[in-house]
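Worksheet: one structure, shown below.
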Amino acid sequence: MDFIRARISRDLKTGKYGGRVVTRFPPEPNGFLHIGHAKAICLNFGIAAEHPGGRCHLRLDDTNPDTEKAEYVEAMKRDIRWLGFNWGEHLYHASDYFEELYRYAMVLIDKGLAYVDSSSEEEIRERRGSVTRPGVNSPFRDRSRDENRELFVRMRAGDFPDGSHVLRARIDMAHPNMVMRDPLLYRIRHARHYRQRDTWPIYPMYDFAHCLSDSLERVTHSLCTLEFENNREIYDWLLEHTDSPAPRPEQTEFAPLILDYVVTSKRKLRPMVEEGLVHGWDDPRMSTLAGLRRRGVTPEAIRTLCEMVGVARAHSRVDIAKLEFALRDDLNHKAPRAFCVLDPLRVVLTNYPEAREEVFRAPRLPGNAGESGTRELPFGRTLLIDREDFREDPPTGFRRLSPGAEVRLKYAYVIRCDKVLKDTAGRVVELRCAIDPDTRGGVAPVGRRVRGAIHWLKAGSAIPAEVRLFDRMFNVPEPPDDDLAAALNPDSERIVTGALVEPGLVGTPPATHYQFERLGYFFSDPEDSRDGSLVFNRTVTLRASWEGRAQRATSAGEEPVSPANRAAHAERGKTRAGPSSPSASLRTAKQRLDFGHLARLGVSEAAAVSLVRSPRYLSVFHLARASYAEGADSIASWLVNEVTRLLGSDDRAELERLEPAALADLVRAVDTGRMSHRRGRTVVAELLARGGGFEEACSGLDLEEIDDEAVLRAILEEVVLDYPDKAAAYRSGERRLLGLFVGEVMKRSQGKADPREASRLARAMLEG
RNA sequence: UGGCCCGUCGUCUAAUGGCAGGACACCGGUCUUUGGAACCGGCGGUGGUGGUUCGAAUCCACCCGGGCCAACCA
């Protein structure tokens, strides 16, 4: 289970949202959905479908009138449905919330948390500062409530021109998170909105509209991609200060889907369409869902890809081979087989009578030979094969046709090439071959081994087709934003006009999948293919074959992992300037002073550095030390290692509750051997969760510890008996397995065993 | 010279302090009327250094590496 689903299960368990699971997919209708969106769609709609009563809203995030169009909304709905998801009645538009949003803005103004800034765009930018430099306050920041109110009302009334005023949150211009430096909430834009027409001269910004839209829809889990991490702070701030109802939606970020050699950004895709680098949003080379669909990629394959990729927070880049795998896996069992010759070469069978004609049957799908599952292939004296399947000078290992060699014409005969005919330019124009009548139906007599099998068509019976061969659109894994055109693969679209397909394909309707045997999966173009003139798009080749592999190794882009690359990888992360000490990272004089002091008290460097950075910890440390002076290092260690750990993982733990004297008593008890370290942890958790003194905490806890050798030995023997192979592995040197045995003892004793003793005994038993 | 986030086989991802596992890719084999499919096998990983712990991929610190943030875009 991924971390988001785990989080939702936890919320379900704690009842945080009363058992509700509401997600949303919120695209801005300013372009077409692409494969990157597919991940978000699968995640949001997938999660909703997994929970009874779960919902996923489709919300068009249409707050920018300049870029949005109804046409894009329709395309998005079509693409989501095609992917296999349904929003039911939950179709929403952020623009429908403009009135409520406006009222929320008024709430902030009334609280003195928002103001109208009349600075110019440049001034605002300048005063924002930079990532390393704090911003400065706007001169309009301290306008009165009444003035802000009046100005904002007039902004809405359309009294002001574009850019003359904005509404901003009043937070902190020196905030380390740039997003929090008085973010813009509203801007004036006298533009026609595709839905609201001319109703509004002001439009809310993303940060303002998004969290409140989520809240208005009672969304529980607002999932977005990693680049919005910084925005989570304003998301929470706005919900809190507009008094939005609890329980509030929670934003969680996950890694976007990034594919090698593929552009997944509407910002990059749009210019490609507008500048004519491609034929449109649905160009089969495009990563848009419309493009993929037109190419023949199936929704099942895209969903499988998303499952394979998973959901995590680590920045990742997915190998396109994963999509190809999912595609072939899907198409393999649903695409009927057919013969297609891309580059015809004439073959005349010298020992086959001119007048003779046969019809062979071949399975539509492999392993399916029944009458209804077969197709008919006419055969005659003159055939066409693919030029690629003949080599006058075959490389070693070549299994197809060459002078004097034999090859199997699938489902027909084994033939031998006797003669090669060329034109005056030396180009091969015809092959003279002989059939072996004993191999009729393509079945070779026992003991006869013919390695190669090729596809073919009977001349005169084949029907013409246009075949479009697509390759990756870019030559580099990560095309640069600024110069997409330069990264373009000039051979990404190869149109073969003289191809031929078997006669059974006459009248193939648009949008039909085939596997052209030995060539790949193809899809009749949904737009351009018609009865009299078939057009097929190559969806994906068959898995890299002998020749495919050789080609791929030399083709653009691929960079095999060289030993040098490996070495570089291994070197990654090594410290260049030699080992540096943690204390060298101390920045302020005060920290260095405190550090020196702690060091003199005997506190280890690692612990001291941590304490010095946190005044809260440091003060607890000093107070605890006052009642256990000789335990300075131990106290520091407990504070830094154990208390931090609990504070990070246990919601009930609060540093403020910890009484320093209780900590001191605890540490002393462990130091003197009165209590084991493990029990000490249990106690410290209690002190953090409930407070109180050391003895008091102990008395409320079951601190029983089994250190009786006979009891432990008995448990251990049981464990060894249950894991004989692991015991043997341990004896033969797998020392890491000790953890398994000790862990089992801990489990079986409900955590009461003394692990130190158990570990000692386990070692003795297994080694002795 | 800021804040936040992230580092597990080549790639993606599990392991919630106790056996580092799966998928894709790659390599090899069996089979085969697709150099396909299927089946079997193999290769290969916790960025580094310390610390805490009986025990660390997991907790702490530092270092190294990567990403995001300075639109009146989302």
Side-chain angles (χ1 to χ4, degrees), chain A residues 2 6 28 30 61 63-64 66-67 121 124-125 128-135 162-163 166 175-179 181 184 186-189 205-206 210 226-230 233 253 255 260 308-310 312-319 321-322 325 328 332 337 366 399 408 410-411 442-444 450-455 515 517-518 542-543 545-548 561 569-570 572-577 579-585 604-607 609-610 637 640-642 644-645 648-649 677-678 723 726 729 734 736-744 746-747 754-760:
Chain A
D2 59 70
E28 182 192 10
N30 66 346
D61 203 1
T63 57
N64 183 355
D66 295 334
T67 54
E121 198 171 336
I124 289 175
R125 205 182 352 258
R128 188 145 36 215
S130 76
V131 289
T132 53
R133 188 164 38 85
D162 287 4
V166 290
H175 202 288
N177 181 355
M178 298 279 307
V179 172
R181 317 245 260 231
L184 271 62
Y186 270 92
R187 62 191 188 281
I188 299 173
R189 201 71 193 87
M205 305 292 290
Y206 167 84
H210 203 92
L226 250 23
E227 70 264 30
F228 291 98
E229 270 169 339
N230 296 327
E233 201 169 357
E253 312 87 26
D260 279 335
M308 288 172 76
V309 163
R313 277 184 71 86
H315 297 99
S316 56
R317 170 170 291 280
V318 175
D319 190 339
K322 272 200 173 65
F325 168 83
R328 293 185 186 115
N332 181 42
R337 309 296 131 118
R399 290 198 207 158
R408 186 196 321 274
K410 284 196 84 179
Y411 317 117
V443 186
V450 181
R451 289 298 296 254
I454 65 173
H455 55 277
Q515 186 203 92
E517 295 198 45
R518 306 207 306 127
L542 258 19
R543 190 165 162 274
S545 61
W546 182 65
E547 190 180 51
V561 180
H569 186 257
R572 165 171 61 124
K574 293 250 170 81
T575 311
R576 249 183 254 132
S580 67
S581 76
S583 58
S585 70
S604 69
E605 186 187 23
V609 169
S610 300
S637 172
V640 168
N641 290 296
E642 304 297 344
T644 325
R645 183 173 61 86
S649 65
H677 194 278
R678 186 179 170 85
Y723 294 90
K726 300 292 179 183
E734 283 287 335
R736 294 168 74 104
L737 288 172
L738 185 66
L740 164 69
F741 292 102
V742 178
E744 275 303 310
M746 297 308 294
K747 236 177 271 170
D754 175 359
R756 215 188 285 231
E757 193 60 13
S759 175
R760 191 184 64 79

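Keep in mind that what you see is a predicted model, and the values were worked out from it rather than measured.
- Nearest heavy atom pair, residue A:Glu28 against residue A:Asp61, reads CG-O, 3.4 Å.
- For A:Arg187 against A:Val166, the heavy-atom pair with the smallest separation is CA-CG1, 4.3 Å.
- Taking atom P on both nucleotides, B:C39 is separated from B:C5 by 44 Å, rounded to a whole Å.
- Dashed line: the shortest gap from a side-chain N or O of A:Thr63 to OP1 or OP2 of B:A74 is under 4.0 Å.
- Using a 4.0 Å heavy-atom criterion, one finds that A:Arg189 contacts no nucleic acid atom at all.
- For the pair A:Glu229 and A:Arg313, the salt-bridge criterion is met [side-chain N within less than 4.0 Å of a carboxylate O].
- B:A25 and B:G66 have their C1' atoms separated by 23 Å, with the value rounded to a whole Å.
- For B:C60 and B:G67, the C1' atoms lie 24 Å apart once the distance is rounded to whole Å.
- With B:A61, B:C5, B:U34 as the candidates, the nucleotide lying closest to the side chain of A:Arg313 is B:C5.
- Look at NZ on A:Lys747: it is 16 Å from C1' on B:C54, rounded to the nearest Å.
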Pair A:Phe741, A:Met746 - check side chain to side chain contact (heavy atoms under 4.5 Å, CB included), show working. CA-CA 9 Å; A:Phe741 292 102; A:Met746 297 308 294; over 6 Å; no
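- Comparing atom distances between the A:Leu542 side chain and each of B:G18, B:C72, B:U34 picks out B:U34 as nearest.
- For A:Arg518, a side-chain nitrogen or oxygen approaches OP1 or OP2 of B:G35 to under 4.0 Å.
- Distances shorter than 4.0 Å separate none of the side-chain N or O atoms of A:Arg451 from OP1 or OP2 on B:G35.
- Taking only side-chain atoms of A:Ala453, from C-beta outward, the nucleotide of B:G35, B:C72, B:C24 with the closest atom is B:G35.
- For B:G2 and B:C63, the P atoms lie 11 Å apart once the distance is rounded to whole Å.
- Contact annotation for A:Phe228: base contact, defined as any heavy-atom pair under 4.0 Å involving a base atom.
- Checking B:U11, B:C60, B:C54 against every side-chain atom of A:Asp319, the shortest atom distance belongs to B:U11.
- Remark: the backbone N or O of A:Asn177 is not paired with any side-chain donor or acceptor of A:Glu233 at under 3.5 angstrom.
- Comparing B:C24, B:U34, B:G36 by their nearest atom to the side chain of A:Met308 picks out B:C24.
- Between A:Arg187 and B:A74 there is a side-chain N or O to OP1 or OP2 distance below 4.0 Å.
- Atom pair A:Arg399:CZ and B:G35:P shows a separation of 7 Å (rounding to whole Å applied).
- Among the heavy atoms of the strands lying under 4.0 Å from A:Val742 is at least one base atom, whether or not backbone atoms are also near.
- No donor-acceptor pair closer than 3.5 Å links the side chain of A:Arg128 to the backbone N or O of A:Gly135.
- Consecutive pairing runs in RNA chain B reach the stem threshold at B:2-7 with B:64-69, B:10-13 with B:21-24, B:26-30 with B:38-42, B:47-51 with B:59-63, where a stem means at least three Watson-Crick or G-U wobble pairs with distances under 3.5 Å.
- Distance A:Leu740 CG to B:G55 P: 17 Å, rounded to the nearest Å.
- Heavy-atom minimum distance, A:Glu253 versus A:Phe228: CG-C, 4.3 Å.
- Counting only distance, with no hydrogens or angles, the side chain of A:Arg181 and the backbone of A:His175 share a donor-acceptor pair below 3.5 Å.
- When the C1' atom of B:C24 is taken as reference, atom CZ of A:Arg317 falls 17 Å away, rounded to whole Å.
- Among the nucleotides B:C24, B:G36, B:C60, the one closest to any side-chain atom of A:Phe325 is B:C24.
- Distance A:Asn64 CG to B:C73 P: 6 Å, rounded to the nearest Å.
- Taking every side-chain heavy atom of A:Ser637 into account, B:U52 is the closest of B:U52, B:A14, B:C6.
- Here A:His315 lies in heavy-atom contact (under 4.0 Å) with a base.
- Taking atom OH on A:Tyr723 and atom P on B:G18, their separation rounds to 13 Å, with Å as the unit.
- Distances from the side chain of A:Glu28 to the nucleotides B:G18, B:G35, B:C73 place B:C73 closest.
- For B:G51, neither phosphate oxygen OP1 nor OP2 lies less than 4.0 angstrom from any side-chain nitrogen or oxygen of A:Arg645.
- Following rounding to the nearest Å, A:Tyr186 (OH) and B:C73 (P) show an atom-to-atom distance of 14 Å.
- Candidate nucleotides B:C60, B:C62, B:C6 were compared by shortest atom distance to the side chain of A:Pro582, and B:C62 ranks first.
- Remark: the A:Glu642 side chain and the B:U53 base include no donor-acceptor N/O pair separated by less than 3.5 Å.
- In this structure, A:Glu233 and A:Ser759 both approach RNA chain B, and ranking their closest nucleotides by distance from the 5' end singles out A:Glu233.
- A:Ala255 and A:Ser316 make their closest contact through CB-OG, 4.3 Å (heavy atoms, listed as atom of the first residue, atom of the second, distance).
- Look at B:A37: its glycosidic torsion is beyond 90° from 0, and that puts it in the anti range.
- A:Val450 comes within contact range of no nucleotide atom at all, as no heavy-atom separation falls under 4.0 Å.
- Contact annotation: A:Arg678 side-chain N/O to B:C54 OP1/OP2 distance is not under 4.0 Å.
- Contact record, A:Ala607 with A:Ser637: CB-N, 4.4 Å, taken as the closest heavy-atom pair.
- RNA chain B is contacted by both A:Glu744 and A:Gly452; A:Glu744 maps to the nucleotide lying nearer its 5′ end (nearest heavy atom per residue).
- Picking from B:U1, B:A74, B:C60 the nucleotide with the shortest atom distance to the side chain of A:Thr644 gives B:C60.
- At the heavy-atom level, A:Tyr411 lies under 4.0 Å from base atoms of the strands shown.
- A salt bridge links A:Asp66 with A:Arg189: the distance from a Lys NZ or Arg NE/NH1/NH2 to an Asp or Glu carboxylate oxygen falls below 4.0 Å.
- Between the C1' atom of B:G10 and the NZ atom of A:Lys322 lies a distance of 10 Å, rounded to the nearest Å.
- The shortest heavy-atom contact between A:Arg328 and A:Arg543 is NE-N, 3.4 Å.
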Set out, in order, the CA-CA distance, both residues' side-chain angles and the distance that settles side chain to side chain contact (heavy atoms under 4.5 Å, CB included) for A:Asp260 and A:Arg317, then state yes or no. CA-CA 7 Å; A:Asp260 279 335; A:Arg317 170 170 291 280; 2.9 Å; yes
Are there any protein N/O atoms within less than 3.5 Å of an N/O atom in nucleotides 69-71 of chain B, and if so, which ones and at what distance?
residue	atom	partner	partner atom	Å
B:C69	O4'	A:Asn230	ND2	3.0

